[in-house]
Amino acid sequence: MKPWDLKNDSGSIAFNEKTYELLRQVPAGKVVTYADIARALGTKAYRAVGNAMNKNPYAPHVPCHRVVNSDGRIGGFALGCEKKTALLEKEGVDVKSGKIVDFEKKRFQFGAH
DNA sequence: CCCTTGACCAAAC
DNA sequence: GGTTTGGCCAAGG
């Protein structure tokens, strides 16, 4: 059991656990889309992923702010999109009008396909 | 078990 | 370029 992991003995949050695990693999300065995460999980639960982020019990532990929309937009954030943008800018990701600059370039791919 | 909600996505208008 | 609609999956009421 990982230090940031929560009880999955119930088996209810297996999805969340995997989501956080994948997100944890994302380095600073890089961003991933909800779709990519869902795809990496082998599912299409884009929304479920977003839901897990909103519930994200490990705010600073899991870089949920590195997750953006497929359009390259910031999307949403539990603490406010501005906070998310600020974090991304701090990580080195340029954001313009709520959109990622060179999104495809900053985008991190699981397994590099 | 049915219905609603959600930090989504893609297509269509 | 925007908005609207349908679809998708998971969790909660």
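Keep in mind the model is a prediction, meaning the values are calculated, not measured. Per chain, numbering begins at 1; letters A, B, ... match sequence-line order.
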C:dG2 P sits how many Å from A:D71 CG, rounded?
10 Å
When A:Y46 and A:K55 are each assigned the nearest nucleotide of DNA chain C, the 5'-most assignment goes to A:Y46
Residue whose nearest DNA chain C nucleotide is more 5′ - A:R73 or A:K44:
A:R73
Any donor and acceptor pair, going by atom type alone, linking the side chain of A:Y46 with main-chain N or O of A:R39 inside 3.5 Å?
no
Check this one for me: any side-chain N or O of A:N51 less than 4.0 Å away from OP1 or OP2 of C:dC9?
no
Looking only at the side chain of A:N54 (C-beta and beyond, no hydrogens), which of the listed nucleotides B:dA7, B:dA10, C:dA10 gets closest?
B:dA7
Given the rule in the salt bridge (Lys or Arg N to Asp or Glu O under 4.0 Å) test, do A:D36 and A:R107 qualify, once you have shown the distances and angles that lead to the verdict?
CA-CA 10 Å; A:D36 278 3; A:R107 189 175 174 194; 2.6 Å; yes
Can you check the A:N16 CG to B:dA7 C1' distance for me, whole Å?
13 Å
Closer than 3.5 angstrom, by distance alone: can the side chain of A:K106 be matched with the main-chain N or O of A:I100 as a donor-acceptor pair?
no
Between A:Q25 and A:F110, is there a donor-acceptor pair closer than 3.5 Å when you use the side chain of the first and the backbone of the second?
no
Specify the residue among A:M53 and A:R39 whose closest nucleotide of DNA chain B lies further upstream toward the 5′ end.
A:M53
At 4.0 Å (heavy atoms only), tell me whether A:A45 reaches a base, stays on the sugar-phosphate, or touches nothing.
sugar-phosphate
For a quick test of reading the model: is some side-chain N or O of A:T43 closer than 4.0 Å to OP1 or OP2 of C:dC9?
no
What is the distance, rounded to the nearest whole Å, between atom CG of A:L41 and atom P of C:dC8?
19 Å
Do A:V93 and A:V101 have side chains that get closer than 4.5 Å, going by heavy atoms?
no
Rounding to an integer number of Å, can you tell me how far A:F15 CZ sits from C:dC8 P?
16 Å
In whole angstroms, the gap separating P of C:dC8 from CG of A:D36 amounts to 20 Å
Rounded to whole angstrom units, what separation is found between the OH atom of A:Y34 and the C1' atom of B:dA10?
17 Å
Have a look at A:C81 and say if it touches a base, only the backbone sugar-phosphate, or nothing, with a 4.0 Å heavy-atom cut-off.
nothing
